[in-house]
> 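Just dropping this structure here.
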Amino acid sequence: MPVELSPVLSMQGIVKDFPGVRALSSVSLELYAGEVTALVGENGAGKSTVVKVLTGIYQPDQGAITVTGVARQLTTPKDAARAGITAIHQETVLFDDLSVAENIFIGHAPVTRLGLVNWQKMNDDAAALLERIGASVNPKALLKDLGIANKHLVAIARALSIDARVVIMDEPTAALSQKEIEELYLLVEQLKSDGKAILFISHKFDEIFRIADRYTVFRDGELIGDGLINDTNSADLIQMMVGRTVEGVFPPRTNDLGNLILQVNNYSHPTEFEDISFSLNRGEILGFYGLVGAGRSECMHALFGITRPSAGHMSIDGELVSLKSPADAIAHGLVYVPEDRGKQGAITALSIVDNIALPSLQNTSHKGFVRMAHEFALARKFTQRLELKAAALDQPVGELSGGNQQKVVIAKWLATQPAIIILDEPTKGIDIGSKAAVHAFMRELASQGLAVIMVSSEIPEIIGMSDRIIVMREGRQVAEVGRDDVTPEALVKAAAGIEEASVA
Amino acid sequence: MKSLTLSRDALLALALIALVGLVYLRFPAFASPNSLLGVFNDTSILIILALGQMAVILTRCIDLSMASNLALVGMCTAMLNSALPSIPIPILVFLAMFLGALLGSINGILVWKLDIPPIVVTLGTLTIFRGLIFLLSEGQWVNAHEMSPAFKALPRLSIFGIPALSWFAILCIAGMYVLLTRTHYGRAFYAVGGNPNAAVYTGIDVGRTRFNAFVLSGALSGIAGYLWVSRYAVAYVDIAAGFELDVVAACVIGGISIAGGMGSIGGAVLGALFLGVIKNALPVVNISPFWQQAISGAAIIVAVIFNARSERRLGRIILKKAEQI
């Protein structure tokens, strides 16, 4: 492993204040050529702020940034690009309606002698870049026609197109399936061997230990520790992150399953999934595992009445039901917490109370008038149980961190007192502390008799939480495993198809 | 892969041809080349304005002040011409464009620096510009006899058998085509409207790009101002009142997404021509011009329904993919 003595990029004594909050207090960070530095910290630790400072979106109030020994002022994203710093963001910040090639080159497209955009060269260069990273994507395709993994590849191609020295990857694997993650790791190795300095932000410890050479831990906007990854272990890292030891990552299970609550038979959809059948008991957590795009969410949408199945039937509590709309589903005691908090889950401009009370207005209003005291009582009860961290219950949800937003969304549905709750990727992109709280709470709900369906792409979570696991592949149900027989290998094999698994 | 915009433009072109065909059945002379050139000429100003509006809509804004801008610049050029007939017409056209751009930049500055919603800003300037015409002209008309012959002659000047008014539109189409498809400046409009958040990360200044779009729409309104006043040989307070709605309608029919980031030059031009054909054809086939508005309105709704349907996210078609493997 090449170890260079002087860092490619160095941040010293960076301070960034926001009204009322010190987001970064005198933090330092060094990145070395050909090495991956993992930036670790809970949500709100200041990781995103560092990324925004490095990419010229935010200006630090104090401190200095030097790139290859030269002090730099990164006042705009263009300055950052000129300094050779590029970022692949958590949520793909790309343009759906533009072509792949243009997404890669926008802002620095090749031009003809007349100064006009040279589409021919742009498409050729894009094709070359995509080939270099092993992406089979047509440069002329519109971005919106690509899957999430290919969108990430486009983002990476964009990063390479500006010949960066420093590549920042902000949770690049958050939305990827296991197979796609493996491909991304190969790509990171390739970037390393090209001598790029990589800042890798992730919540997943297995991948940090897999690909990082160094680590830097932030907590509450402060630098807590850094060093070589070989000199540490996950327990130490977690302790640095949270400032206390976290033990027993998943809460213990209880054993008593109640009576049958949900029975689904042969649910099918013309294009998305086929022949899905399962049963669910009270007090059970049923895991749905599969690669991204295996049709799990689509299946859940049908269960919740967002789409109608083309065949099959379901019964709740022994009664055959046909759910025509989500409202119908809620009335039958079935609720769905969607994957995409921002788009489908929370109304970010409204307060915590309003969000939580929204689906329960029937219960909190009287003769058409909202009774605020009831709303507050409801919100207080459920947010306390989820250990929500917020200044006040009338704070807009948009001001909360990702993990806390997720808690609000879950609380909102729990407040309707459902019998069955479907949680779609309930802990995606949230920090370890919030994750543990969500897990403990799920377990508690199950022990109180709630039936839980959890869609998750994280193997530890699906194994640690589920009583039973259904694996889907390409729209079909391919395996059902009990919690005592499950192994990670078996899940991956089933989800990816055995041939592929034996190659990997 | 064939882009959706292209097929939409093709479909709109077919609809336009069908419309002309329909009129032809009742009144064959309508479809003669001369008559169609006349329709194009008559629609030129709408086309020029639609191109400017399109740039603004691409950035997720809207410019309601275009018609008032046109009227104010038209009044200014007419008064300037009647006071100083010696100013050469090309300079006057340039002045009109400059003045229009200046008015557009007021919209742009308010949207960029003060972050006021564009619909509010341009609703305000719509009224203000109209008011300024009254203050400037004191309600007086500038009539044909007060304008110099050269001033009135330019739009009618025939070049290669086509009036200069049409040439202005053709030049604007060509210029905007190059600008929007071949320059960083133009591609930024698509980026800002398509995903403002991502635009920031790629180093595009969202506010400045919107400002640019407003200046562009202002400049085109300015040119249209001279053309309108010289073509009709009259300038008064109320010229082109309400015309901004036709302009927005042309864009919507042309498939320019009001949500920003999507639309083509071809769409804007075809949308304008669609309205132009309806306007010119109805009197010919003896349908009351009052129907024109109803038909335009119906066309807008049909266009929006069609766009919404084609933009609707198709399913991921997981199973089909599975069957192919």
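Please read all numbers here as calculations on a predicted model, not as lab measurements. Order of the sequence lines sets the chain letters (A, B, ...), proteins ahead of strands, with each chain counted from 1.
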> Would A/D275 and A/S268 count as having a side-chain donor-acceptor pair, cut-off 3.5 Å?
no
> Among A/K78, A/K52, A/E102, which residue has the highest count of heavy-atom pairs closer than 4.5 Å to chain B?
A/E102
> Applying side-chain contact (heavy atoms from CB on, under 4.5 Å) to B/M97 and B/L220, what does each step give before you reach the verdict?
CA-CA 7 Å; B/M97 184 174 83; B/L220 290 172; over 6 Å; no
> For A/T112, which atoms come within 4.5 Å of any heavy atom of chain B: side chain, backbone, both, or neither?
side chain
> At a heavy-atom distance under 4.5 Å, which candidate from B/L179, B/I204, B/T181, B/D205 has the highest pair count against chain A?
B/T181
> Side chain, backbone, both or neither: which part of A/A81 has a heavy atom under 4.5 Å from chain B?
neither
> When heavy-atom pairs shorter than 4.5 Å are enumerated against chain B, which of A/I106, A/T76, A/T86 gives the highest number?
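Going by pairs under 4.5 Å, I would pick A/I106.
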> Not counting sequence neighbours, which residues clear ring-ring contact (aromatic ring centres under 6.0 Å, His included) with B/W112? List them please.
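ring-ring contact (aromatic ring centres under 6.0 Å, His included) check on B/W112 returns B/F211.
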> Can A/S161 and A/H108 be counted as having a side-chain donor-acceptor contact under 3.5 angstrom?
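Yes, because at least one side-chain N or O of A/S161 sits under 3.5 Å from a partner of the opposite role on A/H108.
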> If only side-chain N and O atoms count, and only distance matters, is there a donor-acceptor pair under 3.5 Å linking B/S264 with B/D9?
yes
> Let's test your reading of the structure: which of B/G186, B/A188, B/G261, B/A191 forms the most heavy-atom pairs below 4.5 Å with chain A?
B/A191
